[in-house]
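Worksheet: the structure to be examined is printed underneath.
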2 protein chains.
Amino acid sequence: MSTVTPPTRNRGKRRAEILEAAARLFAARGFHGVSIEDIGGAVGISGPALYRHFSGKDALLSEMLLDVSSRLRESAVAVATSSPGPAETLDALLNVQITFAIEQPALITVHDRELGNVPEPARRQIRRLQRLYVEEWVTVLAELHPACPAARLRAATHAVFGLLNSTPHSAGELPARDMRPLLHAMARSAIEASVNTR
Amino acid sequence: MSTVTPPTRNRGKRRAEILEAAARLFAARGFHGVSIEDIGGAVGISGPALYRHFSGKDALLSEMLLDVSSRLRESAVAVATSSPGPAETLDALLNVQITFAIEQPALITVHDRELGNVPEPARRQIRRLQRLYVEEWVTVLAELHPACPAARLRAATHAVFGLLNSTPHSAGELPARDMRPLLHAMARSAIEASVNTR
DNA sequence: CTGGGATGTTAGTCACCATTAACGTAATCG
DNA sequence: CGATTACGTTAATGGTGACTAACATCCCAG
């Protein structure tokens, strides 16, 4: 009818491939430390061919971060609305973040390092999504611990993100099979402590 | 006799001033996102004047990271040799890292992001110091929990660093007076969980 | 067929940037 | 007093890198 099969599917494939390679490179050397040539080379095309898929280097980064933020936020909302209670929601949120951190270390790394290099139209939107994601956590924590001030819960949430996102640093120390429960236990315990200490 | 007052003191002052400004800029925009002009401008001199104090941009970064790694490592050693027992050592190590994270967020940020941009002579040395610092933690944890495999302790240590170094992200959420005990409690609890979970 | 869109390629172009050169100015020291 | 030293300044210079132009292919639709 309207959209034919090969154009639609191929376009998407290539774009995804580029985004993935770029994420790996950005995580390793930083946005400005990677050239268009580098990214093209990583997917077997060379240099300016990227402009057939993205309007520029900035747009590539914007789309990357926008995509990550949306996916995290959507997962959080899905989990929050489908869980029977706050305790289960927190558990599910932990699993979402842990899965993401273990399976997409490069994206997680870029996500919390490179916001400063995103140009202004997109930056605001990414910030908004990140804020909504944090608030999803804070809301659940507030349900579980109504006496704890929100600012404290927010700080604790950021600390837990730092803990979970440490995976890229300890890559190779432990297999994912062991890393996953370890992170879960540490994060859960850290959260408990954050609301219990007077 | 040998070193005169103004030269020694002034040289040091300017260098320190430059290092601090550069750390702030590197943390915000990444090593390659900051120009020599930017750094000079931030301390009131302009551009190539930097070469009176550092042999180049790379050397500036090298010195910055070398300095941070040494200071952390030295503090850890000092604390480990002067504490009565492993429990007190762990406590003191936590305080060292928390103080650093709260008082020097830019340095901490650069320290764990920009190692990849340090040229080879210095890189090895920085890595060495970082490794020694981690081992200081692992040694203490191993004394407290001899049954726990070292790989697990290492992974837990990295996770705790991630937790403590989250300060730059939650800047402003909470005053340092509250942040400090919060981080301490969360980290301590996370460590407990890391060795208790089977 | 055939014309056009999707996708690449290779040669500019233009800006930016690290680094060096050439050149002042104060203050210190002998 | 000189003269060296510490510190800056403003012009090159040379390289790199993002982006554009001009020019193929391939493949499908009409």
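Here the structure is a predicted model, which is why all the values come from computation and not from measurement. The chains referred to below are lettered A, B, ... by the order of the sequence lines, with proteins before strands, and numbering in each begins at 1.
- When each of A:Ile102, A:Asn165, A:Val160 is checked for a side-chain contact (heavy atoms from CB on, under 4.5 Å) with A:Gln97, only A:Asn165 meets the rule.
- Take A:Ala28 and apply the side chain to side chain contact (heavy atoms under 4.5 Å, CB included) test, not counting sequence neighbours, and it matches no residue.
- Taking atom CZ of B:Phe31 as the reference point, atom P of C:dC17 lies 13 Å away to the nearest angstrom.
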Going through the distances and angles, do A:Asp91 and A:His184 end up as a side-chain hydrogen bond (donor to acceptor under 3.5 Å, both in side chains)? CA-CA 8 Å; A:Asp91 218 66; A:His184 197 107; 3.2 Å; yes
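- For A:Phe26, the ring pair (Phe, Tyr, Trp, His ring centres under 6.0 Å) partners are A:Phe31, not counting sequence neighbours.
- For the segment residues 114-126 of chain B, no residue has any heavy atom less than 4.0 angstrom from an atom of DNA chain D.
- Distance from the side chain of B:Ser46 is smallest for D:dT9 among the nucleotides D:dT9, C:dT9, D:dA11.
- Taken residue by residue, residues 32-40 of chain B places heavy atoms nearer than 4.0 Å to DNA chain C at B:Val34, B:Ser35, B:Ile36.
- One can place OH of B:Tyr51 at 7 Å from P of C:dA18, the figure rounded to the nearest angstrom.
- A ring-ring contact (aromatic ring centres under 6.0 Å, His included) check over residues 154-173 of chain B, counting only residues at least two apart or in different chains, returns the pairs B:Tyr133-B:Phe161, B:Trp137-B:Phe161.
- The CZ atom of A:Phe54 sits 16 Å away from the P atom of D:dT20 (whole-angstrom rounding).
- Evaluation of the side-chain hydrogen bond (donor to acceptor under 3.5 Å, both in side chains) test over residues 19-29 of chain A, restricted to residues two or more places apart or in two chains, returns A:Arg29-A:Asp38.
- The nearest whole Å value for the distance from the CG atom in B:Leu60 to the C1' atom in C:dA18 is 13 Å.
- Listed pair A:Arg14 / C:dG8 meets the phosphate criterion, a side-chain N or O lying under 4.0 Å from OP1 or OP2.
- Spacing between atom NZ of A:Lys13 and atom C1' of C:dA6 amounts to 17 Å, rounded to whole angstrom units.
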Only distances under 3.5 Å count here; give the side-chain donor-acceptor pairs of residues 170-177 of chain A to other protein atoms, sequence neighbours excluded, each with its distance to 0.1 Å.
none

Write down the protein N/O and nucleotide N/O pairs, taken from nucleotides 22-25 of chain D, whose separation is under 3.5 Å; answer none if there are no such pairs.
none

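- Rounded to an integer number of Å, the gap from NE2 of A:His53 to P of C:dA6 is 11 Å.
- Listed by first and then second residue, the salt bridge (Lys or Arg N to Asp or Glu O under 4.0 Å) pairs that reach into residues 61-72 of chain B are B:Arg15-B:Glu63, B:Asp67-B:Arg71, sequence neighbours excluded.
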Return all side-chain donor-acceptor pairs below 3.5 angstrom for residues 103-110 of chain B, not counting sequence neighbours, or 'none' if the list is empty.
from     : atom 1 : to       : atom 2 : distance (Å)
B:Thr109 : OG1    : B:Pro105 : O      : 2.8

Using residues 118-129 of chain A as the side-chain source, report each donor-acceptor pair under 3.5 Å to any protein atom, sequence neighbours left out, with the distance given to one decimal.
from     : atom 1 : to       : atom 2 : distance (Å)
A:Arg123 : NH1    : A:Gly116 : O      : 3.1

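- B:Gly56 comes within 4.0 angstrom of the backbone, heavy atoms only, and of no base.
- If you measure from atom CG of A:Asp58 to atom C1' of D:dG17, you get 13 Å, rounded to the nearest angstrom.
- Spacing between atom CG of A:Leu50 and atom C1' of D:dC19 amounts to 11 Å, rounded to whole angstrom units.
- Note on residues 130-139 of chain B: pairs passing salt bridge (Lys or Arg N to Asp or Glu O under 4.0 Å), not counting sequence neighbours, are B:Glu135-B:Arg154.
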